[in-house]
2 protein chains.
Amino acid sequence: MARLYRGMRDFLPEEMIPREEITAKIKEVFRRWGYVPIETPAIELLETLLGKYGDEADKLIYEIKHKDGLGLRYDLTVPLARVIAMYGQNLPMPFRRYQIQPVWRAERSQKQKGRFREFIQCDVDIIGTSSPIADAEILAISAEILSNLGFERYKILLNHRQILRGLVNYAGFDEKNELFVLRSIDKWDKIGKEAVREELAEKSFKKESIDRIFELIEIDETNWNLLVELSKIDNQRVKNGVKNLRKILEYLSAVGVGQDVVQVTPRMARGLDYYTGAIFETVLSNLPSMGSLTGGGRYDDLIGMFSGKGKIPACGTTIGLDRIISALQELDKFPKAHTFTKVLVAQFSKALSNEALNFAHKLRSVGIPTEVFPEPKKLSKQFSYANKWNIPYVVLIGEDEVEEELCTLKDMSSGQQRVIHQDRAIKILLESINKK
Amino acid sequence: MARLYRGMRDFLPEEMIPREEITAKIKEVFRRWGYVPIETPAIELLETLLGKYGDEADKLIYEIKHKDGLGLRYDLTVPLARVIAMYGQNLPMPFRRYQIQPVWRAERSQKQKGRFREFIQCDVDIIGTSSPIADAEILAISAEILSNLGFERYKILLNHRQILRGLVNYAGFDEKNELFVLRSIDKWDKIGKEAVREELAEKSFKKESIDRIFELIEIDETNWNLLVELSKIDNQRVKNGVKNLRKILEYLSAVGVGQDVVQVTPRMARGLDYYTGAIFETVLSNLPSMGSLTGGGRYDDLIGMFSGKGKIPACGTTIGLDRIISALQELDKFPKAHTFTKVLVAQFSKALSNEALNFAHKLRSVGIPTEVFPEPKKLSKQFSYANKWNIPYVVLIGEDEVEEELCTLKDMSSGQQRVIHQDRAIKILLESINKK
């Protein structure tokens with residue numbers, strides 16, 4: 001009778017405790033770079049959500065039955081743009097924000113690895129500056145987070161919407177078809193190069209344009225050589241994009257991100273419509289099947305769409321918590337955890353409940369996470385409970401022990417147990433727990 | 001053009017930073033008592049949500065346009081019951097969990113103080129034990145959280161569904177009307193005693209029953225005397241409830257919660273249908289208009305409704321984050337915070353961007369939260385940015401300073417500034433920040 005809507009997930013403690021730890025590490029990096037948190041509601045007006053992501057994404061928005069036209073947020077970028085449009089005049093610029101909240105997507109297909117209908121995004125964005133320092137900063141943060149989480153072999157894939165659109169145009173596509181071609185190219189990693197070619201061919205674009213664009217985005221060169229090649233192309237948007245990427249690469253070095261982890265990748269397109277400048281993803285060299293763990297870019301026009309007050313430049317990335325966790329699991333780096341509890345106070349009998357409760361109270365008062373087994377069940381059951389949760393110590397106050405304020409202290413890993421004064425037990429537990 | 005659905009809220013950093021701090025404090029208490037986190041999805045099947053809370057609450061569930069019948073969760077208790085029914089056989093019992101997630105309610109009226117359409121609940125529950133130790137534990141946790149957050153004058157209102165239903169029955173109402181009468185009584189604090197009386201009168205209950213129940217739930221006595229009075233009533237459910245409350249009061253003392261903060265309150269009923277035993281709320285003596293900050297109780301039948309495997313006893317409470325924050329604000333105890341950043345590295349000129357970025361990188365590497373102003377705007381603008389965010393220090397590397405690795409360090413609170421070696425600046429900043 002108890003069922004969950006297909007595609008939704010419950011997180012039990014075994015998974016939630018490491019998830020909380022990972023989120024805390026991500027937050028710590030955001031804060032070290034001066035980012036501050038915001039939160040927005042799950043429910044937005046449909047008018048806010050629709051028409052920002054592209055037609056295919058619009059279809060994935062969960063709609064709520066309501067006369068006002070409501071839906072669940074699809075990402076954290078559009079809500080941010082709405083927030084800036086509404087309150088931006090009171091926020092000191094540049095505004096650096098992080099936001100860690102779930103988003104919802106009505107995916108129709110069976111779930112793919114790392115794709116879910118509800119998932120947490122950790123977003124980090126900087127608003128109000130078009131300096132390439134901002135792009136470099138966002139990339140450096142992505143890299144630092146992956147390092148801190150224990151990933152050793154990651155790559156930052158870097159590209160530029162102006163380069164891509166310039167190339168598409170230069171290859172002979174009409175300006176009005178640029179976004180369509182980009183969205184096709186974006187599917188390369190999912191459906192393969194040939195399927196992309198077919199999708200373009202079906203739209204009756206000229207064969208030579210299709211050949212030409214594939215040629216252009218498949219140049220295989222080191223970053224700087226590639227940028228030299230691209231800068232030779234006679235298209236102003238391509239030239240501007242190349243100049244911008246050069247600056248970003250330079251500033252990345254200045255904040256400690258080596259050129260070896262960055263890979264300028266002309267065929268990396270990103271699916272969403274709102275990007276306008278640099279775009280980027282991070283992938284794992286030793287786990288390419290996982291797809292991108294983070295992804296973002298510059299979106300200088302999105303906020304203007306809401307505010308109607310002209311351009312407000314912005315740049316940011318999303319850290320995909322679920323992808324990160326799947327990757328840590330596959331690489332056998334997912335932290336193990338069961339409970340925060342250090343001591344279980346077992347119950348000897350109902351007559352001694354108050355003694356057990358009071359001893360637990362003392363332990364908590366000195367900061368030791370402690371629980372009481374709430375019923376005086378067979379001691380073997382109480383011990384087996386401690387074992388199941390990996391609780392390291394069990395304390396028991398028996399009948400003979402009450403008078404002299406003694407207790408039995410059992411170390412669950414060694415199995416050793418001894419009868420000692422309660423004060424001494426507190427001291428031993430405190431030391432042992434602070435040591436770890 | 002940028003709008004928010006009425007009743008929904010955005011949280012900007014000024015509010016979010018203290019919200020994050022408050023949530024961290026609440027979590028810390030949960031963990032000290034051995035509770036572990038779970039999370040459930042926002043979207044549940046309607047069959048899971050409906051028929052658990054009572055008819056009035058059912059109408060407040062947001063429904064999603066979807067052929068499968070989906071809705072947004074209304075609280076965190078019903079999802080917990082579903083989780084236990086689905087995975088309970090693999091969870092060591094008793095199972096102590098906390099859960100901090102938003103819930104949604106389609107409130108129709110204009111927003112009332114502390115009532116919102118989306119809000120965070122912090123739930124803490126213990127499953128698998130009917131021991132009154134569990135009830136006492138949940139109450140002690142509520143009290144400890146309020147203490148830790150700086151509330152000095154709070155009261156725990158304690159009552160019992162068995163006592164209430166026993167009294168209602170004893171007053172002459174039919175058993176099938178018990179829940180209706182309870183839900184009416186629950187409105188006392190919102191609509192007033194006379195309106196409750198009218199609501200009951202309209203249902204054509206006997207006047208003497210109505211008079212009698214008011215008489216019974218208005219006994220004004222100290223806890224122990226009140227329990228003595230109630231135990232004289234010739235009704236088995238009342239007697240059982242009294243016995244249970246006595247145990248809870250005794251165990252509360254054993255875990256350090258004084259009798260002075262507990263107030264047995266026969267007219268406190270709680271609105272939801274699923275409670276079966278002790279019920280409780282906490283209120284502020286110096287801010288009664290705020291309503292309850294936490295509320296919960298024992299619900300021994302709810303999980304069985306899902307699992308179909310008979311009773312699984314359970315008990316828990318909800319900590320209302322929004323009420324807590326409103327209360328802290330009204331009592332002028334809401335923490336002030338603007339940013340985590342300790343140092344702003346200003347930019348002197350584009351030619352010196354790399355120096356600024358590199359110095360910021362060094363500061364972050366030793367753990368100092370640092371940001372760079374991304375454009376070499378007028379220095380007065382960069383300083384005023386630091387002021388707006390309350391950033392305590394600004395560092396500037398000027399043209400003359402680069403060669404000798406010097407920098408200008410400005411203390412924003414004193415206004416003092418000096419030119420010193422960069423390494424020395426790092427040392428001073430590190431010391432000053434660790435001191436605070």
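Every chain is numbered from 1 and lettered A, B, ... according to where its sequence line falls, protein lines coming before strand lines. Note that the coordinates shown come from a computational prediction; the quantities given were computed from them, not determined experimentally.
- Listed by sequence position, B/Pro92, B/Met93, B/Pro94, B/Phe95, B/Arg96, B/Tyr98 are the residues of residues 92-99 of chain B in contact with chain A, using a 4.5 angstrom heavy-atom cutoff.
- For chain B, no part of A/Ala140 is nearby; none of its heavy atoms comes within less than 4.5 Å.
- When only modelled atom types and interatomic distance are considered, A/Glu375 and B/Thr129 share a side-chain donor-acceptor pair under 3.5 Å.
- When heavy atoms are compared at a cutoff of 4.5 Å, B/Ala136 does not approach chain A at all.
- Only the side chain of A/Ile133 comes within contact range of chain B, with heavy atoms under 4.5 Å apart.
- Looking at A/Pro102, neither its backbone nor its side chain comes within 4.5 Å of chain B, counting heavy atoms on both sides.
- For A/Glu20, the part sitting under 4.5 Å from any heavy atom of chain B is the side chain, from C-beta outward, and nothing else.
- For chain B, the nearby parts of A/Glu250 are the backbone and the side chain; heavy atoms of each come within less than 4.5 Å.
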If you apply the rule salt bridge (Lys or Arg N to Asp or Glu O under 4.0 Å), what do you find for B/Asp10 with A/Arg82, and how did you get there? CA-CA 10 Å; B/Asp10 291 313; A/Arg82 180 188 53 68; 2.8 Å; yes
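- Shown are B/Arg32, B/Glu28, B/Arg31, B/Lys27; of these, the side chain to side chain contact (heavy atoms under 4.5 Å, CB included) with A/Phe340 is made only by B/Arg31.
- A/Ile17 touches chain B through backbone and side chain together, each having a heavy atom under 4.5 Å away.
- A distance of 10.5 Å separates OG in B/Ser253 from NE2 in A/His361, rounded to the nearest 0.5 Å.
- Contacts of A/Ile368 with chain B are made by backbone atoms alone, with heavy-atom separations under 4.5 Å and no side-chain atom involved.
- The greatest number of non-hydrogen atom pairs below 4.5 Å with chain B, out of A/Pro79, A/Gly256, A/Ala85, is found for A/Gly256.
- For A/Glu63, the parts sitting under 4.5 Å from any heavy atom of chain B are the backbone and the side chain alike.
- At a 4.5 Å heavy-atom cutoff, the contact between A/Ser130 and chain B is made by backbone and side-chain atoms alike.
- Both the backbone and the side chain of A/Asn354 come within contact range of chain B, each with at least one heavy atom under 4.5 Å from a heavy atom of that chain.
- Looking at heavy atoms from C-beta onward, A/Leu72 lies in side-chain contact with B/Leu72 at the 4.5 angstrom threshold.
- No side-chain heavy atom of B/Val36 sits under 4.5 Å from any side-chain heavy atom of A/Met16.
- In terms of heavy-atom pairs under 4.5 Å with chain B, the best-connected choice from A/Glu39, A/Met8, A/Glu144 is A/Glu39.
- Using a 4.5 Å cut-off between heavy atoms, A/Tyr87 touches chain B through its side chain atoms alone.
- Using a 4.5 Å cut-off between heavy atoms, A/Thr48 contacts chain B through its side chain alone, with no backbone atom that close.
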